Colleague: 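Below is one structure. I have some questions about it.
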Amino acid sequence: MFKIFTDFDGTISTTDVGDALFDRFADTNWSGVVQEWIDGKISSKEVFRRGCESSSLTKQQLEAFCDQQQIDPYFAEFIAYCRRQGHPVIVLSDGLDYYIQRILNNHGFGELQVYANELVFMDHDKIRPEFPYFEKGCLICGNCKGFHLRAHRNDGDILVYIGDGYSDRCAVPEADVLFAKNDLKNYCVERNIPFNEFITFAEVVQKLQQIEENLNRMGK
Ligand SMILES: [Mg+2]
Ligand SMILES: [Zn+2]
């Protein structure tokens, strides 16, 4: 059976919400912190620890910020397609659950299964991250996507992964069908890793349809 995993930031949401959030609310050189992570100098756990620690942000401010965020215009079509075909869709994010859930709710997708790091509100305007899946993963990702793909794989499954960035790297060797754009696309090109290019979920649906038709033709 097909099991479909998708990144959230920059893949479902049109902007990288986590990045934009700390860019706006963290009192630190945020792009410098992100660059250290891209260069492999610090884990994403450390990225969020620094981001949260230097941020002043109330729940109301976060919610107002979330309510301005847009999602891929073809995401609804993609979800409808997966439902018709009976493919489960799971959101895997190395971002923070609170904004992901709020934005999915806003757009009518609140029932999707999400695995992400947790954002905890402390008193008034302080936040901290928690990493419920950290120990199970590669110990570099806060929430390692490779772990979740391995944990969901049963014999005969076709695991599909859709992503756009560096936080998707650990999913790459675990996926049977990979969709990539932006930084993840560049990462695959540099390493000669095969992938399907996409811009929006419209291309993902098209390609999945093709793959399924081919499999049916071959009698699988
Ligand atoms: Mg992303
Ligand atoms: Zn990882």
Side-chain angles (χ1 to χ4, degrees), residues 1-13 40 43-45 72 75 78-97 100-101 104 109-118 130-198 201 203-220:
M1 95 186 264
F2 278 71
K3 286 180 185 160
I4 305 187
F5 300 85
T6 173
D7 171 50
F8 181 79
D9 285 271
T11 301
I12 297 176
S13 63
S43 67
S44 54
K45 204 174 164 184
D72 182 301
F75 188 65
F78 163 76
I79 292 297
Y81 174 78
C82 293
R83 284 213 181 106
R84 279 200 304 277
Q85 300 298 112
H87 303 328
V89 176
I90 296 161
V91 179
L92 296 183
S93 173
D94 204 4
L96 301 168
D97 62 349
I100 295 170
Q101 203 59 56
L104 288 174
F109 302 106
E111 82 294 349
L112 284 176
Q113 182 157 28
V114 177
Y115 294 96
N117 305 308
E118 292 175 8
E130 284 191 356
F131 303 92
Y133 306 105
F134 178 75
E135 303 292 336
K136 299 182 179 218
C138 64
L139 305 181
I140 296 168
C141 304
N143 181 33
C144 184
K145 300 178 185 197
F147 157 70
H148 291 286
L149 266 69
R150 287 190 293 278
H152 280 85
R153 187 186 284 284
N154 291 319
D155 283 354
D157 280 350
I158 298 175
L159 303 188
V160 177
Y161 189 81
I162 307 158
D164 78 316
Y166 292 110
S167 75
D168 304 307
R169 286 174 285 191
C170 288
V172 168
E174 308 296 336
D176 302 308
V177 178
L178 178 65
F179 288 90
K181 66 176 171 181
N182 301 336
D183 290 340
L184 186 62
K185 174 188 153 185
N186 298 338
Y187 175 83
C188 293
V189 168
E190 281 163 18
R191 287 161 186 78
N192 280 316
I193 297 166
F195 66 97
N196 301 286
E197 190 168 1
F198 76 106
F201 276 93
E203 290 85 41
V204 175
V205 170
Q206 263 176 17
K207 186 71 195 178
L208 284 176
Q209 263 168 340
Q210 267 178 29
I211 293 170
E212 290 185 74
E213 281 166 19
N214 288 341
L215 286 175
N216 288 337
R217 213 170 296 140
M218 296 189 308
K220 291 200 176 171

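The model shown is predicted, which means the values in this text are computed figures rather than measured ones. We count residues from 1, following the sequence as given.
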Colleague: Can you name the residues that form a ring pair (Phe, Tyr, Trp, His ring centres under 6.0 Å) with Phe201, not counting sequence neighbours?
Modeller: Phe75, Phe78
Colleague: I'd like a table of donor-acceptor pairs (distance under 3.5 Å, sequence neighbours excluded) in which one partner is a side-chain atom from residues 182-198, with atom names and distances.
Modeller:
unit_1 : atom_1 : unit_2 : atom_2 : d
Lys185 : NZ     : Glu197 : OE2    : 2.8
Arg191 : NH1    : Tyr187 : O      : 3.1
Asn196 : ND2    : Leu178 : O      : 3.1

Colleague: With heavy-atom distances below 4.5 Å as the criterion, would you say the side chains of Tyr81 and Val204 are in contact?
Modeller: no
Colleague: Indicate the atoms forming the closest heavy-atom contact of Met1 with Gly86, along with that distance.
Modeller: CE-O, 4.2 Å
Colleague: Residues two or more places apart in sequence or in another chain: which of them pass salt bridge (charged side-chain N to carboxylate O under 4.0 Å, His left out) with Lys3?
Modeller: Asp157
Colleague: To the nearest 0.5 Å, tell me how far Glu212 CD sits from Lys207 NZ.
Modeller: 12.5 Å
Colleague: Tell me which donor-acceptor pairs under 3.5 Å the side chains of residues 163-171 have, and how far apart each pair is, sequence neighbours excluded?
Modeller:
unit_1 : atom_1 : unit_2 : atom_2 : d
Asp164 : OD1    : Thr11  : OG1    : 3.2
Ser167 : OG     : Lys145 : NZ     : 3.4
Asp168 : OD1    : Lys145 : NZ     : 2.8
Asp168 : OD1    : Tyr161 : OH     : 2.5
Asp168 : OD2    : Asp164 : N      : 2.9
Asp168 : OD2    : Gly165 : N      : 2.8
Arg169 : NE     : Tyr166 : O      : 2.8

Colleague: Kindly compute the distance separating NZ (Lys45) from CZ (Phe131), expressed to the nearest 0.5 Å.
Modeller: 6.5 Å
Colleague: Test of understanding: with side chain to side chain donor-acceptor pair (under 3.5 Å), list the residues that count as partners of Tyr133, not counting sequence neighbours.
Modeller: none
Colleague: For Ser93, check side chain to side chain donor-acceptor pair (under 3.5 Å) against everything at least two apart and list the hits.
Modeller: none
Colleague: Considering only heavy atoms from C-beta outward, does the side chain of His148 approach that of Asn143 to under 4.5 Å?
Modeller: yes
Colleague: Please enumerate all residues that pass side chain to side chain donor-acceptor pair (under 3.5 Å) together with Glu111, with sequence neighbours excluded.
Modeller: Arg83
Colleague: Quick one: list whatever passes salt bridge (charged side-chain N to carboxylate O under 4.0 Å, His left out) with Glu118, sequence neighbours left out.
Modeller: none
Colleague: Measure the SG-CZ distance between Cys141 and Phe147 for me, rounded to the nearest 0.5 Å.
Modeller: 12.0 Å
Colleague: Tell me every residue that passes side chain to side chain donor-acceptor pair (under 3.5 Å) with Gln209, counting only those two or more places apart in sequence or in another chain.
Modeller: none
Colleague: Between Asp94 and Asn117, is a side chain to side chain contact (heavy atoms under 4.5 Å, CB included) present by the stated rule, with each step listed?
Modeller: CA-CA 6 Å; Asp94 204 4; Asn117 305 308; 2.8 Å; yes
Colleague: Side chain to side chain contact (heavy atoms under 4.5 Å, CB included) with Ile90: which residues, sequence neighbours excluded?
Modeller: Phe5, Leu92, Gln113, Tyr115, His152
Colleague: Could you check whether any side-chain heavy atom of Leu159 comes within less than 4.5 Å of a side-chain heavy atom of Arg153, counting everything from C-beta outward?
Modeller: yes
Colleague: Not counting sequence neighbours, which residues clear ring pair (Phe, Tyr, Trp, His ring centres under 6.0 Å) with His87? List them please.
Modeller: Phe2
Colleague: Between OG1 of Thr6 and CD1 of Ile79, what distance do you get to the nearest 0.5 Å?
Modeller: 8.0 Å
Colleague: How long is the gap from CG on Leu104 to CZ on Phe109, to the nearest 0.5 Å?
Modeller: 8.5 Å
Colleague: Output the distance between atom CZ (Phe8) and atom CD1 (Ile162), rounded to the nearest 0.5 Å.
Modeller: 14.0 Å
